[in-house]
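What follows is a single structure, written as structure tokens, with notes after it.
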Number of protein chains: 2
Amino acid sequence: MGGKWKGLILFALQDGPLRFGQLRRAVGTISERMLILQVRELETAGLVHREVYQQVPPKVEYSLTDFGRSLNDAMASLGDWGERNIDRIEAIPFG
Amino acid sequence: MGGKWKGLILFALQDGPLRFGQLRRAVGTISERMLILQVRELETAGLVHREVYQQVPPKVEYSLTDFGRSLNDAMASLGDWGERNIDRIEAIPFG
DNA sequence: CAGTATCCGCGATGATACTG
DNA sequence: CAGTATCATCGCGGATACTG
């Protein structure tokens, strides 16, 4: 299961639900198209919940499922490693 | 830093150094070309050490550096998560 | 055995325009 | 606001043949 944005999406949702636009800004430079595609895959995988509020203007909130939270927890040690070694990582040519 | 084989390569080297051919078989169906490309990137990143034995027939051994071992350790909890949830993961459509 | 070299398809991603 | 639709592109990775 690829997608270079999925990790960032899950990470962005850690601190609570976000609306589509908020999530887009939180992730960074992702295009609308890719955000939709990847968030839908995460929904299919049961990692993210999509809540539609039938109103105008449209409102959709994305949040982590328990399953998604468990994955994020498992990724925490990897995140810590990244922080600890950020200097070495950034020093990698081209990387 | 992409590459769908890097994780498998690091994992395969966990139990000690491997020669090129051994590593190739350990990783599975990877082509020679990709194995070289990715192992060289790992070497550049300082995660893998490449030891050349000047002899005939040629012999090259790949092993984890301390840095590589530290990354593998950090990935361990992710691996555990994968094992615990393998059923749910395999049930994902197309996944 | 351990690589190199070359060709090439295909899927992932980006850009842009449009819609309910 | 939250999508959809379409087109263009780019590079990863597979296949194959060759080399020290």
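Lettering follows sequence order; numbering is per chain, from 1.
To the nearest 0.5 angstrom, B:R24 atom CZ is 9.5 Å from B:T29 atom OG1. To the nearest 0.5 Å, the span separating OG on A:S63 from CG on A:L23 amounts to 11.0 Å. Between the CZ atom of B:R25 and the CZ atom of B:R19 there is a distance of 9.5 Å, given to the nearest 0.5 Å. In this structure, CZ in B:F20 is found 5.0 Å from CD in B:E32, a value given to the nearest 0.5 Å. The distance from the CG atom of A:D73 to the OG atom of B:S77 is 9.5 Å, given to the nearest 0.5 Å.
At the heavy-atom level, B:Q38 lies under 4.0 Å from the strands shown only through sugar-phosphate atoms. Using a 4.0 Å heavy-atom cutoff across all strands shown, B:Y62 reaches sugar-phosphate atoms only and no base atom.
With rounding to whole Å, A:M34 atom CE is found 6 Å from C:dA12 atom C1'. Rounded to whole Å, atom P of C:dT6 lies 14 Å from atom CG of B:L37. Distance B:K4 NZ to C:dA12 P: 10 Å, rounded to the nearest Å. The distance between atom CZ of B:R33 and atom C1' of C:dA5, rounded to the nearest whole Å, is 10 Å. Rounded to an integer number of Å, the gap from CG of A:L35 to P of C:dA12 is 17 Å. Remark: C1' of C:dA12 and CZ of A:R40 are 18 Å apart, rounded to the nearest angstrom.
Position along DNA chain D of the nearest nucleotide to B:P58 versus A:R25 favours A:R25 as the more 5'-ward residue. Taking the nucleotide of DNA chain C with the nearest heavy atom to each of B:V60 and A:E32, the more 5' of the two is matched to B:V60.
Between A:L47 and A:K6 the shortest side-chain heavy-atom distance does not fall below 4.5 Å.
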Canonical and wobble pairing (Watson-Crick, G-U, under 3.5 Å) of DNA chain C, dot-bracket with |: ||||||||||||||||||||
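Applying the side chain to side chain contact (heavy atoms under 4.5 Å, CB included) test between B:R40 and each of B:L42, B:I36, B:L37 identifies B:I36 as the sole match.
Residues B:I86 and B:L8 fall into different hydrophobic clusters, defined by Ile, Leu, Val, Met, Phe, Trp and Tyr side chains chained together at heavy-atom separations under 4.5 Å.
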query: Checking side-chain contact (heavy atoms from CB on, under 4.5 Å) for the pair B:W5/B:L35: CA distance, chi angles, key distance, verdict?
result: CA-CA 8 Å; B:W5 300 106; B:L35 180 55; over 6 Å; no
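In summary, contact between chain A and DNA chain D, defined as any nucleotide atom under 4.0 Å from a heavy atom of the protein, begins and ends at D:dC1 to D:dT6 in the 5' to 3' direction.
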